[in-house]
Structures are given as structure tokens and as C-alpha cells.
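Accompanying notes for the structure given below.
Numbers restart at 1 for each chain; the letters A, B, ... are given by sequence-line order, proteins then strands.
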Amino acid sequence: MQVVPPISPSVNTAEARAIQQQLRTRVRLEPCPSPVTRVAGVDVGFEQAGAVTRAAVVVLSYPDLQPLAAAVARRPTEFPYVPGLLSFRELPALLDAMGRLEVTPDVVLCDGQGIAHPRRFGIACHLGVTLDLPAVGVAKSRLVGTHETPPDEKGGQAVLLDGDEQIGVVLRTRTGVKPLYISPGHRVTMADSVRLVLGCTHRYRLPETTRCAHSLASHGCWPSRVAGQPVDTAAAVYR
DNA sequence: GCGACAG
DNA sequence: ATCTTGTCGC
């Protein structure tokens with residue numbers, strides 16, 4: 001897919017926060033365009049003791065969740081991990097990978113927060129706004145906000161609040177596992193976000209999109225099975 | 001000053 | 001995120 005200008009050059013943490021305050025005005029939480037037929041998942045891993053960032057993006061058919069395409073990209077790591085500024089560390093490599101994609105997804109599920117962020121601008125917002133693509137934040141742990149314990153059953157939910165503002169949903173994707181922190185990133189509603197995550201989830205805690213992206217980013221290959229089906233590596237090409 | 005803190 | 005083997009539980 002066509003990815004426009006790179007991302008911000010080397011910035012310091014103060015500048016990064018200022019950029020977030022500026023870009024947050026571009027976030028639009030509106031109904032996700034329908035129908036959704038292609039869902040992407042993105043994730044990053046590191047090599048050379050963190051010196052190199054490896055990003056992966058996969059595209060699955062929806063709601064079938066069968067592999068359609070994927071892309072991987074590597075580039076020097078130029079920003080440290082700072083809570084609240086994750087996108088400045090991972091987005092450059094992710095955009096490189098997105099640029100190598102042959103097909104354009106209808107929505108992207110990101111590994112990290114959407115608006116459930118101190119400045120309401122997590123990595124899902126940054127990626128979504130940058131590509132003007134619908135994006136959802138799917139985090140494995142909490143960054144900000146308070147919540148009750150969601151019911152211990154698949155689909156169990158609890159509202160994630162920052163004061164009196166709802167910034168996300170704490171979602172149990174399967175019985176007996178730690179819940180995920182879901183929040184809109186761009187061009188999706190809170191309800192769309194939960195629906196899409198559940199729609200992409202099968203037998204594991206993480207949605208299939210995230211599982212595939214993580215597998216490609218850290219192991220360099222697809223999982224043996226996606227949504228319960230053996231993967232046809234030949235059809236799911238990537239470069 | 002003392003914790004908390006996506007990946 | 002990453003360094004790393006076995007092990008407890010459904």
C-alpha cells in the first residue's frame with residue numbers, strides 16, 4: 001500500500017509529547033466503514049540487542065481470518081522505550097512494513113493502546129492518523145485508567161476509566177486468562193473495537209492478527225495454524 | 001519526594 | 001521488548 005511521508009525525524013521526549021498533543025486533534029472516533037473484509041495485525045520485535053527494530057504486518061480475510069498477505073521491515077532503532085511514547089520507537093519500522101504491503105486493509109489491530117493513553121494518543125491513534133486508516137488498540141496490559149475485574153468468561157468486559165471518561169474496555173478474550181485492554185485508535189468506535197477484536201479471536205488470548213504479526217516479527221514465519229486452519233505459506237507470501 | 005509505567 | 005527450562009494445571 002502507498003505510505004506517505006516518513007514520520008517525524010529524531011525528536012526528544014518533550015518534542016514527542018508536543019507532537020502527540022498536536023496530532024491528537026486529528027483522531028476521529030466514528031463508525032468503522034463497512035463492510036470489513038480485510039483486517040491487518042502489526043507487531044515489532046528487536047534484533048542486535050535492541051539496535052535493530054523488526055516490524056511485521058499481516059493481513060487476514062475477515063471474518064474468515066485466512067492469511068492474504070504480509071510484509072516485514074527492519075531499520076535501526078532510534079528512540080528509546082518511554083512509557084507513553086511507544087509509537088516514536090515502533091512506528092517508523094511499522095510504516096516501512098505497511099509500505100511493502102500489496103493490499104490495503106480495512107482496519108489495523110495494533111499491539112498497544114489507542115486512546116487509553118495519557119494524552120489519548122497511543123500507537124493505534126498515531127498509526128491510524130498517519131495512514132488515515134481505521135485502527136484499534138489491543139494492549140496486553142494497562143498504561144493508564146482504572147477498572148473493575150471483568151467477568152471471568154469469554155467476552156467478559158469492564159469499562160476502563162480515566163476519571164469519569166471512558167477510554168477503553170478491559171476485555172476477557174477467553175475464560176481464565178488475563179484480559180486485554182481495548183481502545184479505539186482512529187476511525188472506529190469503542191463498540192467497533194470490541195466487536196473487531198472478538199471477531200479476530202479464536203482459541204487464544206490474543207487475536208489471530210496479533211498472533212500472526214508477532215510470529216512473523218519474532219520467529220520470521222507464520223504460526224502453523226491460523227484460526228484453526230493449517231497455513232498455506234504459498235498463498236500468504238511476503239517480502 | 002515516592003510510585004506507576006503499552007512494548 | 002529481551003535474556004531462558006522446566007513445570008504446574010486444565
Which pair of heavy atoms, one from Lys140(A) and one from Arg205(A), lies closest together, and at what distance? CB-NH2, 3.7 Å
Side-chain N,O (Arg142(A)) to OP1/OP2 (dA6(B)) below 4.0 Å: no
Taking any atom closer than 4.0 angstrom to a non-hydrogen atom of chain A, what span of DNA chain C does the protein reach, first nucleotide to last? dA1(C) to dT2(C)
Spacing between Ile123(A) atom CD1 and dA6(B) atom P, to the nearest angstrom: 13 Å
Identified stems (criterion: three or more consecutive Watson-Crick or G-U pairs, under 3.5 Å), DNA chain B: none
Side-chain donor-acceptor pair present, Asp43(A), Thr210(A), cut-off under 3.5 Å: no
For DNA chain B, what residues of residues 180-191 of chain A have any heavy atom nearer than 4.0 Å? none
Atom NE2 of His214(A) and atom P of dA6(B) are separated, to the nearest Å, by 16 Å
Can you check side chain to side chain contact (heavy atoms under 4.5 Å, CB included) on Leu198(A) and Leu171(A), steps first, answer last? CA-CA 9 Å; Leu198(A) 287 176; Leu171(A) 177 68; 4.0 Å; yes
Which pair of heavy atoms, one from Phe88(A) and one from Phe79(A), lies closest together, and at what distance? O-CB, 3.4 Å
Rounding to an integer number of Å, can you tell me how far Gln20(A) CD sits from dA6(B) C1'? 12 Å
Return the minimal non-hydrogen interatomic distance between Ala135(A) and Val188(A), and the atom names on each side. O-CG2, 3.4 Å
Which part of the nucleic acid, if any, lies within contact of Phe46(A), taking any heavy atom under 4.0 Å across all strands shown: a base, the sugar-phosphate backbone alone, or nothing? sugar-phosphate
So Leu85(A), base contact, sugar-phosphate only, or nothing? Heavy-atom distance under 4.0 Å. base
Report yes if a side-chain nitrogen or oxygen of Ser87(A) is closer than 4.0 Å to either non-bridging phosphate oxygen (OP1 or OP2) of dA6(B); otherwise report no. no
Grouping I, L, V, M, F, W and Y whenever their side-chain heavy atoms are under 4.5 Å apart, do Ile123(A) and Val42(A) come out in a common cluster? yes
For Glu90(A) and dG7(B), what is the distance between atoms CD and P respectively, to the nearest whole Å? 9 Å
Answer with base, sugar-phosphate or nothing: what part of the nucleic acid does Gly45(A) contact at a heavy-atom distance below 4.0 Å? sugar-phosphate
Pro105(A) to Val39(A) - nearest heavy-atom pair and separation: CB-C, 4.5 Å
For Lys140(A) and dG7(B), is the shortest distance between a side-chain N/O and OP1 or OP2 below 4.0 Å? yes
Indicate yes or no: does Arg187(A) engage Asp106(A) in a salt bridge with an N to O separation below 4.0 Å. no
I need the minimum non-hydrogen distance between Gly114(A) and Ala124(A), along with the two atoms involved. CA-CB, 3.8 Å
Audit row: Cys200(A), Leu109(A), side chain to side chain contact (heavy atoms under 4.5 Å, CB included) steps and yes/no: CA-CA 9 Å; Cys200(A) 288; Leu109(A) 298 201; 4.0 Å; yes
Distance in angstrom units between Leu143(A) CG and dA6(B) C1', rounded: 5 Å
Please give, in whole Å, the distance from dC5(B) C1' to Leu160(A) CG? 14 Å
Specify the separation, in whole Å, of atom CG of Leu86(A) and atom P of dG7(B). 8 Å
Quick one: Asp162(A) CG to dA4(B) P, roughly how many Å, whole number? 17 Å
Is a side-chain donor or acceptor of Arg89(A) paired with a backbone partner of Thr77(A) at a separation under 3.5 angstrom? no
Measure the acute angle between the ring planes of His126(A) and Phe121(A), then classify it against the limits of 30° and 60° as parallel, tilted or perpendicular. tilted
